[in-house]
Amino acid sequence: MNVFRILGDLSHLLAMFLLLVKIWRSKSCAGISGKSQILFALVFTTRYLDLFSNFISIYNTVMKVVFLLCAYVTVYMIYWKFRKTFDIENDTFRLEFLLVPVIGLSFLVNYSYTPTEVLWTFSIYLESVAILPQLFMISKTGEAETITTHYLFFLGLYRALYLANWIWRYQTENFYDQISVVSGVVQTIFYCDFFYLYVTKVLKGKKLSLP
Amino acid sequence: REFTYVHDEL
């Protein structure tokens, strides 16, 4: 465990909390892509199947449970509790365009051809593209609430910190995981355009709106 | 052969 990894995990946790706080306080999930949140719930479910079979540390187990809970509570808020405020007309990204290639790739490129390993690989590939419905929704409506942009910023920061974590682990432990690294780089690239808008607009007190 | 890759990250 290194500083990049712990800050990355905390940033991830903060992102998920911010999203829940936004929904809870405003009693609205306007501007949030339910499809992205379903994908994240699917990511955690397929990745953390080893929760009971493979103990790593108390930290690891607790974080997995918290991540799963946050993901499912968020989906519940969007599709049940505050369903009336859900902006379904703008959440139109076609999930099959992500799921079909991701399922195919997880069968083709994995570490071992076992059910849990293929599902783990699926979760890694899916996470790298899970935010696309959300980014698509923002580009469609042309704007995002400031708290939603903070959510996206911390989600992107988590990815960037994980890249630093992998460089660190490669240098100190000679550990590397090609599947995670390649997917992590792809995922981080998706946030670059957003990071630019966040720094040039949101941090200067302006609302994120696209021309 | 059963092979388990260690996934110790979140």
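For the pair A/K22 and A/W24, the NZ or CZ position fails the cation-pi test of under 6.0 Å to the six-membered ring centre and within 45 degrees of the ring normal. A cation-pi arrangement is absent between A/R83 and A/Y79 under the rule of less than 6.0 angstrom and at most 45 degrees off the ring axis.
Side-chain atoms of A/Q178 and A/Y111 form a donor-acceptor pair, as typed in the model, at a separation below 3.5 Å. No side-chain donor from either of A/Y162 and A/T188 sits under 3.5 Å from a side-chain acceptor of the other.
Applying the side-chain hydrogen bond (donor to acceptor under 3.5 Å, both in side chains) test to A/T92 and every residue at least two apart in sequence or in another chain returns A/K140.
Heavy atoms closer than 4.5 Å to chain B are found in the side chain of A/D9, but not in its backbone. Contacts between A/Y113 and chain B at a heavy-atom distance below 4.5 Å are absent for every atom of the residue. Contact of A/N165 with chain B is made through the side chain alone, with heavy-atom distances under 4.5 Å.
Heavy-atom pairs under 4.5 Å with chain B were tallied for A/R5, A/M63, A/K64, A/M1; the largest tally goes to A/R5.
Of the candidates A/L68, A/L51, A/L69, A/V65, A/F44 forms a side-chain contact (heavy atoms from CB on, under 4.5 Å) with just one, namely A/L68.
Using a cutoff of 4.0 Å between basic side-chain nitrogens and carboxylate oxygens, B/D8 and A/R169 are scored as salt-bridged. Comment: A/R47 does not engage B/E9 in a salt bridge, judged by the lack of any side-chain N to carboxylate O separation of less than 4.0 angstrom.
Residues of residues 191-203 of chain A lying under 4.5 angstrom from chain B, judged on non-hydrogen atoms, do not exist.
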